[in-house]
Engineer: 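Below is one structure. I have some questions about it.
Please read these numbers as outputs of a predicted model, since none were measured by experiment. Letters go in sequence order (proteins before strands), and every chain restarts at 1.
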Amino acid sequence: MQRAIYLIEECNVRPESIFIATFTEKAAKELVTRITNELANRNITANINEMYIGTFHSLCLRMLKEHLEYTRLRRNYRLMDSFDQQYMVFQNIHRFRSIPEIEIVLPNGGAWKQAETICNFVNNLSEELVSPEELMSDHDPSIASLGRMLQEYRTILTEANLMDFSSIQIEAYRLLCDNEGILNELRSAITHIMVDEYQDTNYIQEQLVFLLAGERKNICVVGDDDQGLYRFRGATIRNILEFPQKFANGECRIIPLVINYRSNSDIVDFYNRWMDTTDGAKFKFRWENFRYEKRIEPHEKSALHSPAVVKLAGVNDEDEWHEKILQFINNLKTSGKLMDYNQIAFLFNSVKHPRVTALARFLEENHINVYSPRSDMFFQRDEIRLALGCLMLMFPFYVQGLENGEYTFLQPEHLTYYRNCIMLANEYLMQPEHTDLLKWIRRRGKDHVSLTDATDYAYCGLMYQMFEFQPFAGILDTDMDVGVVDIRPARNLAKLTQIIGKFEYLHRVDVLSADKYRGKRGIDANTELLFNLYLRLLYDGGITEYEDDSEYAPSGCVSFLTIHQSKGMEFPIVFVDSLTNVPRKTTNDLMMTIEDRYFKRPAFEPYEVTKFFDFWRLYYTAFSRAQDLLILTCNEDKRTPSAYFKEVYDELQSVDSEAFDIREFNFKSVKAVNVKSTYSFTSHITVYETCALQYKFYRELEFMPVRANAMLFGTLVHETIEDVHRAALRHEEQTITEENVNRWFASNYVSLTKTEHTYLAGPQREAALKQVLRYVERQHGDWSAIQQAEVDVSLVKPDYIIEGKVDLIRGEGDTVEIVDFKAERKPDMEKMRDRLERYRRQLHIYAHLVEERTGRKVSKMHLYYTGEDGGVPTITYPYTKSAVEGTLASFDDTVHKIMKKDFRHCADDPKVCAGCDFRFYCRNK
DNA sequence: GCGCGAATAGTTTTT
DNA sequence: CTATTCGCGC
C-alpha cells in the first residue's frame, strides 16, 4: 500500500500504470480505501478508477470485458459460481455419460456426484493450462477420456455463453497470448505490478503476471512461504521461492520482513516452535529447501508474567468444555478487559462441523452472539423453515406426495427437513392471530389444485405476496442499523428470493401452468423439481449467509472463522480449535500422472511430505493471527489433541492454572476497517431518490426483483447503439448498415432474453429496432464525431467513491460533448419531467468527472430520449459550473443518507410504486 | 501379550 | 484418507 502511494507521489507514476492483484475482494477493497485516503490526505488528485486493482479474477474479467470481441464470449455471458457450475454439468450429464470410455474416470453413482467429479477434474486441469487436445492423444485411455470430458465441458460453456471461475483466468491468458496488440497495449500501460499473498498464486496466475510484465519485469510481490494454504486450487509456494530465479543476477531485491509487530513475544515464540517441531511420535519430515530461511522476531519482549499462550480444555465432556469457554468469556467481560465481543475470534478447520455449530448454538443461548456466516445454518434458520413450509402448503399436491412417501428417491434427512418445515408452518398458522395468512395460503392452495390455465406469477412472486403477512412483514421492517445478528433474518429472506429466482431462471419458469409436462401438470412438475431437486441439492451443498465486508469483525459478536478465512486478519484474543485434525493426503493417482506428463513443470515439493507441509502451514497461519492472547482449546479425548499437536500442546499451562492472570493483560481493540463503498448513479443514487424503501430491499438487502419486461426495451436499444458505436470506433463505418444493425439487434435480443428471462412482444420489439435505425439514420453516415465510448469515471470522496459510465464523448480538441441514451417503452410525459431532471443531474456529474479525468472542457450535454411511440428527441442541456456544484452537494447528501442507512421514508409519488415488489409495504398503497 | 490384517468410524479449505 | 478397534493366530 505504502509502495503504491510512494510510486504515485514520489515517482510520478500514473495510477493507471499500477497493477495490484490480491486474493479476496475484501483485501482489494481495503487497499482501495487506504490508498485513496492516503492520497486525499496528501492532497493528491489521482484517478484510481483506471488503476488495475482487485482480485486476479476481477482484473481478468475487466480485461475480458474490455476486449470481449476477441474472446469466445458474447455479451451478457453468465458467470457461474461453483454451485451453478455443478448444476450445469448435472443438467448436461447425459452428454458426459455418452463419451466413450468415460466410465474409467467417472465413478458409478448419482448424476450429482458425477457432476462434482467432473467439475473437480475440469477446474484442476484448467488452472494448470492443460489442453483437451493433448490429453486426448494420450495412450492411456483414462487420460484420453478426461481430455474428451474437458472438451465437452468447454463446448457447453461456449454454446451457452457461460463462464466459471477457472475459465475467467484461462480466457484472459488466451486473450493476451493470442492478441499481441492487446498485450502490448497493456504492457505499455502497466509499468508497475504488485501482487499480495504471492505464495497463494497458481501456475496460470504466475504466467499472467510475467506476461503482463513483459521485458520490463517490474514486479513486486509480497508473501510468506509459511502461509501457503491453497494447494487444493493449484497454488504453490514455489512461485514465491523461485521468484528471484526469474531475474538476472542482482535484478531481484529480496527484503526479508522478520520483525513481527502483531503478536506478543510468547505467541511468536510459540509459532516458531511449532514450525520447528517436525519430528514426533507419528511423524518425521524436514523442510529442507522448501522453506525460506528466516526466523520471526517479536518487536519487543512480553512484559507479562503470565503466559500469553494457554490451553482451555474440557475432558471427555462436551458440556463441560462449553461451560468452561462460556465462563472464560464471561470472566473476560466482567473483568472489564474485554470491550467488545468482536475482540475474540475462534478459528476452525471448518465451521460446518457439528461440534462447531453446537458451540455456536450454546454461546448464543447464553447471550453471546456469534458471527459465523459460513457455517451453513441457512436452512436451519426459523425464517427460512417457515417460509419454505408456507410455500409448500400452497401446493397441496406436493405436500400430499411428501406425506404419502411418493418421493422415494429423497433421503430421509430431506424428508425430515421438509416435513419439519411444514409442521413449523402449521403450528404457526394455527395460532388465532395468524388466521389471515392461513386463509391466504389456503386460498392459494385451492387455486393451485384446481388450476386450469395459468397464474400470472411463479414461486418468487408468490413469496413476495406472502411477505405481506406476519412474521415476514415484521422481519422486512427491521431497521438496517440493528447489527448483523438481528438483521440476519431479513438478509436470509432476501437470499431465499435470489435462490428461488435463480431456479425460475434456470428452468425457464415464469408462470405456474396446468399444461401437461412430462405427464404431469406443469405446476406440479415444477414444484417437485424445485423441492426435490434444486433445493435438495442446495441443502446438501449448504448456503453461506451474508458476510459483511465493511466491518472487520462485527461489533457485539464473537467471530467463528475458518483458518482460511482468517488469513490476513488479526484478533486480540484467538481461540484455535480443530486440534483433532491430522495431515491428510489430497492428491489422486490419475491427477498425479497427468501432473507428470502434462503440467508445464515438474512437481516441486516431494509428494510424501506435502501433507505435512500443508498441515503445519495451516496451523502456523492460525496461531499467528493472535495479538495478545492465544488459546488452544478442545474437548480432550483419545484422539484430541491429535499426535501432531501433542508436543506443543502438553507444554502449555491451562487457563485455570495460577500462572495465568487475566489482570495483567490489556487487549487491543480490533482495527476499524471503514471500507469505502462505491456508489453508482443509476443503480444507487437514482434508486434511493426514487424510493428509499426500494433501495433498502433491492440494493442493501439484495432481494431479487421479479422482473417486468419494461426495462428490456431500454437495454436492448442501448446495447445495439453501443454496437453501432463500436463499429464506428473501429473505423468500420461501412459496416453500419441496416442489415448489420438488424443482426446486432437480433443477437442482443437473443442473449438478453436469456439472461433477463423475459421477452418483448412483437410490436415492442419492432419499435425498439426502429429506434436504433432512426438514430443511425440521423447521423447520415457521419460517425467522425465519435471519439470514445464507454468512459469509466470515478470521483473519490473522503468516505465514498462515485462511479459512472459515460456512453459517448465526442468532439475535437479541448472541447467535448457528452452524450447519453435513455430508452423507455412508453414514455409518460408527466413522469418524464421528473426523470429528465434526474438525468440532467446525472449528466452534470458525468461532465464534471470527464473534465477531471480528461482535462478537456465539456461544452454540451445531449440526451437521446427514445420511446416506442416514435421520434428520437434529443434534449440538450447547457453545462454550467454552478449547476454542477449544486448537484454535487445534493448528491453528497443522498449518499450520506444511504451510508447512514436511513431507509425509513418512501417515495412521494405513488406512481413509482407500480413496478415494486414491496407495494403492500409502502405507505402510498 | 504381540503382530497383523480387516473392518469401521469420522470426514475440508475458495475465487 | 487416517486412526482406531477388533479378531485371529501364535
Engineer: Looking at A:Ala622 and A:Val574, what are the two nearest heavy atoms and their distance?
Structural biologist: O-CG1, 4.3 Å
Engineer: Salt-bridged, A:Lys29 to A:Glu25, with N to O below 4.0 Å?
Structural biologist: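 So A:Lys29 does not pair with A:Glu25 through a salt bridge.
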Engineer: Output a table of nitrogen or oxygen pairs between the protein and nucleotides 10-15 of chain B separated by less than 3.5 Å.
Structural biologist:
| unit_1 | atom_1 | unit_2 | atom_2 | d |
| --- | --- | --- | --- | --- |
| B:dT11 | OP1 | A:His353 | NE2 | 2.4 |
| B:dT12 | O3' | A:Ser350 | OG | 3.4 |
| B:dT13 | OP1 | A:Ser350 | OG | 2.8 |
| B:dT14 | OP1 | A:Arg374 | NH1 | 2.7 |
| B:dT14 | OP1 | A:Thr562 | OG1 | 3.3 |
| B:dT15 | O2 | A:His57 | NE2 | 3.3 |

Engineer: Side chains of A:Tyr649 and A:Glu636 only: does a donor on one sit below 3.5 Å from an acceptor on the other?
Structural biologist: yes
Engineer: Count the heavy atoms of every other residue, nucleotide or ligand shown that sit under 6.0 Å from CZ of A:Arg233, and state whether that count exceeds 12.
Structural biologist: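 Above 12, so yes.
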Engineer: Are A:Asn123 and A:Ser166 linked by a side-chain donor-acceptor pair shorter than 3.5 Å?
Structural biologist: yes
Engineer: Separation of A:Phe612 atom CZ from C:dC1 atom P, in whole Å?
Structural biologist: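 The answer, rounded to whole Å, is 15 Å.
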